[in-house]
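Residue numbering restarts at 1 for every chain, and letters A, B, ... go by the order of the sequence lines.
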Amino acid sequence: MNTERRNAMDLLETLKKRGFVEQMTDEAGLIEHLAKGPSSVYIGFDPTADSLHCGSMVPLMALAHLQRAGHRVLPLVGGATGLIGDPSGKTELRKLLSAEQIKKNIEGLKEQIGRFISFEKQDAKIVNNADWFAGRSYIEFLRDVGRHFSVNRMLANKTYKDRFEGENGLNFIEFNYQLFQAFDFMHLYKEEGCRIQMGGNDQWGNICAGVDLIRRVLGKDDAFAVTFPLITTSSGAKMGKTADGAIWLDAARTSPHDFFQYWRNVPDTDVDRFLKLFTFLELSEIADLTKDGGQALNAAKEKLAFEVTKIVHGEAEANKAKSGARGEVSAMPTVTVNKSDFDGDGQGILNVFSKIAEMAKSNGDVRRAIQGGGLYVNDEKVTDPKGSLTLADFNDDGDCFLRFGKKKKKRLKLA
RNA sequence: GGGUAGAUACCGAAGCGGUCAAACGGGGCAGACUGUAAAUCUGCUGGCUCAGCCUUCGGAGGUUCGAAUCCUCCUCUGCCCA
């Protein structure tokens with residue numbers, strides 16, 4: 001067996017062992033193909049918001065692994081398809097976004113994708129399907145692409161079938177989505193030499209449609225599909241979603257501190273899986289971290305949180321978040337306040353927690369916390385919702401420590 | 001275009017003239033127990049200047065002392081027919 005072939009197999013094995021692979025077409029053929037030298041891979045990202053959330057980290061990490069293995073990666077932002085909305089895995093019609101909004105979202109996405117893969121070399125390039133759909137006529141598209149699709153077969157496809165039979169219906173615009181995605185793949189096959197498309201398992205039908213289209217139109221059988229498993233937490237919740245919303249990669253939406261905490265608080269049963277998927281640590285090192293189980297997993301969780309935060313927000317922020325999580329004063333999330341605001345009668349305790357420190361949604365939220373006995377100022381339990389915070393509550397360094405529940409802590413610092 | 005069913009808080013879902021800030025379940029938050037885990041138990045879960053007040057039941061009007069509940073119109077969605 002030659003080296004190239006071994007490398008190709010190793011790469012696939014690694015991806016499998018790390019939990020990236022749910023399904024793939026023609027594994028033998030794919031190894032064969034990868035062994036021939038650097039290939040190109042594409043994964044689509046929907047520009048439905050101006051930031052990605054951590055559910056998108058699976059595809060991003062997959063691209064990063066492939067790039068590190070020497071392959072060319074093509075993150076595709078769906079400037080055109082975003083205008084339609086993929087029905088896959090959705091139970092209802094997605095709301096349509098304006099072209100302007102999508103353009104703005106794409107800018108945000110580009111920056112974030114860059115944290116996972118490097119654009120410095122020629123082996124990565126962001127592509128936007130709006131570039132090749134923009135000038136295309138409907139008639140031409142129907143004739144060249146549409147005729148290769150059997151409606152019968154599409155309806156049998158789970159993605160469409162569920163919607164077709166479900167309560168919310170499926171409208172024509174969404175029904176076209178698969179054709180667009182298939183066309184994307186074919187276009188990138190021709191123009192960028194892209195041979196592999198990866199995506200979430202809900203994309204399986206769409207990706208295979210592309211593989212099919214390439215075979216029918218171009219007569220080529222060296223296009224491959226690989227899908228990732230749908231990542232859920234062990235409690236079944238979709239990855240990266242909390243009641244407050246998603247965990248975003250954008251620091252303005254989810255602070256590095258909160259981001260770190262999300263990973264730090266992952267359930268025991270998810271640590272091993274997440275370390276493999278969301279960090280670049282060697283598998284042997286991961287095995288080491290998790291082998292003792294039980295309480296020892298806390299160290300693994302901290303490592304997980306640190307590594308993931310480092311990838312997304314950089315090492316400095318990761319270090320800071322780690323120190324903050326350990327309770328070190330200097331790294332605690334801090335709100336700077338004016339001394340004059342706390343003169344005399346000071347500020348009402350409700351106001352301090354809800355408005356100034358933004359640790360609670362409303363004053364009512366703070367009241368409830370007080371009632372439940374979970375609100376602290378300088379580690380002293382607050383019992384009176386009418387109480388207030390004055391200069392006397394700040395120590396010599398001008399610090400005052402607020403705590404909401406066990407985990408939410410902030411420091412107020414006098415300016 | 002015709003018919004029909006529906007639109008309730010974060011989600012699902014009761015309520016069908018006053019006792020409704022709205023049952024119940026999920027989720028979430030807090031407390032106890034713990035390991036910043038899980039499981040379990042308890043409390044909370046619209047807003048506020050909080051024993052009181054204000055705004056919510058798709059939207060706009062109307063009936064009534066009183067409407068999430070009745071009437072009219074509108075918007076959206078499902079289903080059936082054309």
Side-chain angles (χ1 to χ4, degrees), chain A residues 85 87 90-96 162-174 232-247 257-275 289-306 308-309 321-328 331-333 345-355 357-377 379-388 401-410:
Chain A
K90 304 290 184 303
T91 49
E92 55 191 73
L93 177 62
R94 223 192 248 181
K95 77 172 184 259
L96 297 176
D162 289 353
R163 286 290 297 278
F164 193 63
E165 291 170 354
E167 287 203 331
N168 292 299
L170 173 71
N171 70 23
F172 189 69
I173 196 171
E174 295 174 291
T232 54
T233 62
S234 54
S235 55
K238 207 170 175 185
M239 181 69 210
K241 298 275 187 187
T242 67
D244 293 335
I247 301 294
H257 176 265
D258 290 343
F259 186 84
F260 185 97
Q261 286 297 336
Y262 174 80
W263 297 99
R264 176 63 246 259
N265 287 313
V266 137
D268 282 11
T269 42
D270 290 330
V271 185
D272 178 65
R273 201 159 47 108
F274 287 0
L275 278 165
L289 278 165
T290 56
K291 68 172 190 290
D292 291 334
Q295 202 178 136
L297 284 177
N298 274 324
K301 288 182 196 181
E302 189 178 61
K303 185 74 174 162
L304 170 70
F306 176 78
V308 182
T309 309
K322 183 163 93 176
S323 308
R326 285 180 172 178
E328 286 172 30
M332 209 180 268
D345 293 341
Q347 293 282 329
I349 200 77
L350 301 177
N351 194 38
V352 168
F353 276 88
S354 69
K355 306 278 161 40
E358 294 180 321
M359 294 168 79
K361 285 194 291 287
S362 64
N363 288 359
D365 217 19
V366 184
R367 273 170 201 282
R368 278 173 226 125
I370 292 172
Q371 218 165 3
L375 202 82
Y376 295 81
V377 171
D379 277 325
E380 267 187 53
K381 190 178 282 190
V382 177
T383 50
D384 180 14
K386 291 200 176 97
S388 53
F401 301 96
L402 307 180
R403 194 173 121 204
F404 186 109
K406 282 191 201 105
K407 297 171 195 169
K408 258 181 274 177
K409 296 175 189 172
K410 280 201 180 174

What's the gap between rA67(B) and rU55(B) when it is taken at their C1' atoms, as a whole Å value? 16 Å
Who is the Watson-Crick or G-U wobble partner of rC50(B), with both distances under 3.5 Å? none
In B/S/- notation (B base, S sugar-phosphate only, - none; protein heavy atoms under 4.0 Å), nucleotides 51-57 of chain B written 5' to 3' is -------
Look at the rings of F404(A) and F353(A) and say which category their plane angle falls in: under 30° parallel, 30 to 60° tilted, over 60° perpendicular. tilted
Under 4.0 Å, heavy atoms only, any strand: does G348(A) hit a base, just the sugar-phosphate, or nothing? nothing
Once you round it to whole Å, what is the distance between C1' of rU34(B) and CG of L297(A)? 14 Å
Distance between C1' atoms of rG27(B) and rG78(B) (Å, rounded): 26 Å
So, E328(A) and K322(A), do they make that salt bridge, N to O below 4.0 Å? no
Approximate separation, where rounding is to 0.5 Å, of N265(A) CG and D258(A) CG: 10.5 Å
R273(A) CZ to rA37(B) P, straight-line distance once rounded to whole Å: 18 Å
Rounded to whole Å, CG of N363(A) lies from P of rU49(B) at a distance of 5 Å
Mind calculating the distance between CG (N351(A)) and P (rU49(B)) to the nearest angstrom? 8 Å
Quick one: do L304(A) and R264(A) satisfy side-chain contact (heavy atoms from CB on, under 4.5 Å)? Show the steps, please. CA-CA 7 Å; L304(A) 170 70; R264(A) 176 63 246 259; over 6 Å; no
For F401(A), check side-chain contact (heavy atoms from CB on, under 4.5 Å) against everything at least two apart and list the hits. V329(A), M332(A), N378(A), N395(A), D399(A), R411(A)
Measuring from the side chain of F404(A) (C-beta onward, heavy atoms only), which nucleotide among rA30(B), rU36(B), rG35(B) has the closest atom? rA30(B)
Checking contacts here: which listed nucleotide (rU49(B), rG31(B), rU36(B)) is nearest the side-chain heavy atoms of K407(A)? rU36(B)
From CD1 (I370(A)) to CG (L375(A)), nearest 0.5 Å: 5.0 Å
Which value, in whole Å, describes the distance between the C1' atoms of nucleotides rA82(B) and rA7(B)? 26 Å
rU56(B) versus rA51(B) - spacing of their C1' atoms, nearest Å: 23 Å
Distance check needed: rG35(B) C1' versus K303(A) NZ, whole Å only. 20 Å
Nearest to the side chain of K406(A) - rA32(B), rC50(B), rG35(B)? rA32(B)
With a 3.5 Å cut-off and just heavy-atom distances, do the side chain of R368(A) and the base of rC29(B) make a donor-acceptor pair? no
The answer to which of S354(A) and G373(A) contacts RNA chain B further toward the 5' end, by nearest nucleotide, is G373(A)
What is the nucleic acid contact for Q371(A), judged by heavy atoms within less than 4.0 Å: base, sugar-phosphate only, or nothing? nothing
Whole-Å distance between rG35(B) C1' and E302(A) CD? 13 Å
When both distances are under 3.5 Å in a Watson-Crick or G-U wobble arrangement, the nucleotide paired with rG6(B) is rC76(B)
In whole Å, what separates the C1' atom of rG46(B) from that of rA68(B)? 15 Å
For rG47(B), take OP1 and OP2 only and decide whether either is under 4.0 Å from a side-chain N or O of S362(A). yes
For the pair made of CD1 in I370(A) and C1' in rC29(B), what is the distance, rounded to whole Å? 14 Å
Which part of the nucleic acid, if any, lies within reach of A296(A) when heavy atoms closer than 4.0 Å are counted: base, sugar-phosphate only, or nothing? nothing
Going by modelled atom types, is there a donor-acceptor pair between the base of rU36(B) and the side chain of K409(A) at under 3.5 Å? no
Considering every strand shown, what is the Watson-Crick or G-U wobble mate of rG25(B) when both distances are under 3.5 Å? rC11(B)
Closest of rU36(B), rA37(B), rA30(B) to the R264(A) side chain is rU36(B)
Intermediate values then yes/no, side-chain contact (heavy atoms from CB on, under 4.5 Å), L402(A) and M359(A): CA-CA 9 Å; L402(A) 307 180; M359(A) 294 168 79; 3.9 Å; yes
Mind calculating the distance between NZ (K361(A)) and C1' (rC29(B)) to the nearest angstrom? 7 Å
Distance between the C1' atoms of rU72(B) and rA23(B), in whole angstroms? 31 Å
So, do Y262(A) and V308(A) sit near enough that their side-chain heavy atoms are less than 4.5 Å apart? no
Same-atom distance (P) from rC54(B) to rG66(B), integer angstrom: 16 Å
Sorted by chain and number, sequence neighbours left out, salt bridge (charged side-chain N to carboxylate O under 4.0 Å, His left out) with K386(A) holds for none
